[in-house]
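These numbers come from a predicted model, not from an experiment.
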Amino acid sequence: MTLFTFKLPDIGEGISEAEIVGWHVKVGDRVEEDQPIADMMTDKATVEMESPVAGTVVRLAGEPGDQVPIGSMLVEIEVEGEAIAAAEAPLPSEETIAAETPGEAVIEETAAGRPVEPSHLSQPDVGGPSPSAVPAQEEEEGFDRLSPNGAGVVPSKAEHVLASPAVRARAKELGIDLAQVKAAGDRIRHADLDAYLLYGAGQGYRPAGRAAKRADEQVKVIGMRRRIAENMAASKRHIPHFSYVEEIDVTALEELREQLNANRGERPKITMLPLLIVALCKALPDYPMLNARYDDEAGVVTRFGAVHLGIATQTDAGLMVPVIRDAQDRNVWQLAGEIRRLADAARMGKAKSEELSGSTLTLTSLGPLGGIATTPVINRPEVAIIGPNRVIERPVFRGREVVAAKLMNLSISCDHRVVDGWDAASFVQAVKKVLEAPALLFVD
């Protein structure tokens, strides 16, 4: 009987130790080769360790929660016969492998996928394997072998990577070059592939048919992008957000929009946004706490009588929020024209400073990319932001009949310091009432 020491392998660049998350075995258990023995966690991921040998567990490195340095003993296993003393020991020679398995047919799969018969493995030659042991195609394609210290693999044209057919098949499927994979023991196992995939060692991996990864790049956050980052960070840091989402049937609203656009000719068509703005402006007088700004340093909330609506607009420089002044005094067509003018000015970099400040409430829309629901970030110091989502057609019940309806989710995020959930939900319900009966858009 021989005591085999399995040391914790290098499982990631810059990793000096790993935490024991849990053991799959205990002292006295019988383990088989490639059987999971422990889960180890680093600051990057959790890796499952597998036993490199078969035998009986006689010692464990510690309890769950303990830290184990890289290269130190993880588990000791008592194995039958003679064996290397540790997983990091040098790779035994082919002659030694053949000598340790008398009477058994030793067949090793080459990098090219063809077996090498025992006679090839056991023929010594001071100059290396005889030419007959290495087919011409294999000499051209080259082999992979473990490095002398057993810690990794390096390319070679005369020897093999030690790995089971299953490991080779998996590596081929993932597009992994076994020459780039570090082996924890005397051969490459599934756990070594897992560690390679998790930490992207060497050249990384690429599943068959996938594009190669792009090179890393560093982009300095400056200008508009930096200002956006600072504003969003301040908003999330200072404002306790909450979000509410409601489903709205916009079937009748879409029919109305088509009718309004039918006689527009070459003039720009109206979108959903002007109609939504009218509905918002009609509901806001009953919910003034939403059309407001909160000066948290002074402890003062200012509720505005006029609706200065910010329209979040994506530009090449980043997200900008031009403002529609006195939106409550404009009709659908005037709102449509102002949305278009401000969006064009923002994208062309011609928006004036006064057109980019002073909003009391913000509307953000991703158009056809709107998704099912959003949780938008409030444009500080405002206290609310509204986000319409994508319109989709789904079957709904009308009485006992199932009909096709066009549905849209409307999201709102609010500052919980000054807006209660009841008020936010009631406001959205008031907007829903107008949108589902669009004739109300044109009634004072």
Between OG1 on residue T251 and CD on residue E393, distance to nearest 0.5 Å: 7.5 Å

Approximate separation, where rounding is to 0.5 Å, of I248 CD1 and L435 CG: 5.0 Å

Salt bridge E254-R257, side-chain N to carboxylate O under 4.0 Å: yes

Minimum-distance pair of heavy atoms, taken over all atoms of W23 and L74: CH2-O, 3.4 Å

Shortest non-hydrogen contact from P52 toward F6: CG-CD1, 3.8 Å

D192 side chain to A183 backbone, donor-acceptor under 3.5 Å: no

Salt bridge (charged side-chain N to carboxylate O under 4.0 Å, His left out) assessment of E173 paired with R170: CA-CA 5 Å; E173 180 181 350; R170 183 183 177 203; over 6 Å; no

Side chains of S411 and N389, donor plus acceptor under 3.5 Å: yes

Closest non-hydrogen atom pair, K26 against L60: CA-CD1, 4.1 Å

Polar side-chain atom of E76 near backbone of V58 as donor-acceptor pair, under 3.5 Å: no

Whether S235 side chain and I378 backbone form a donor-acceptor pair below 3.5 Å: yes

Side-chain donor/acceptor of D420 to backbone N/O of W422, under 3.5 Å: no

Test: R380 and D296 ion pair at under 4.0 Å: yes

Minimum heavy-atom distance between A384 and L361, given as atom pair plus value: O-CD1, 3.4 Å

Gap separating the CD atom of Q35 from the CG atom of D29, nearest 0.5 angstrom: 8.0 Å

Heavy-atom pair with the smallest gap, counting every atom of V428 and E246: CG1-CB, 3.6 Å

Backbone of I239 reached by a side-chain donor or acceptor of D415 within 3.5 Å: no

Heavy-atom pair of closest approach, residues L309 and A327: CB-CB, 4.3 Å

N379 side chain to E382 backbone, donor-acceptor under 3.5 Å: no

Main-chain N/O of T362 paired to T364 side chain as donor or acceptor, under 3.5 Å: no

R293 side chain vs V300 backbone, donor-acceptor pair below 3.5 Å: no

Plane angle bin for F427 and Y287 - parallel if under 30°, tilted between 30 and 60°, otherwise perpendicular: perpendicular

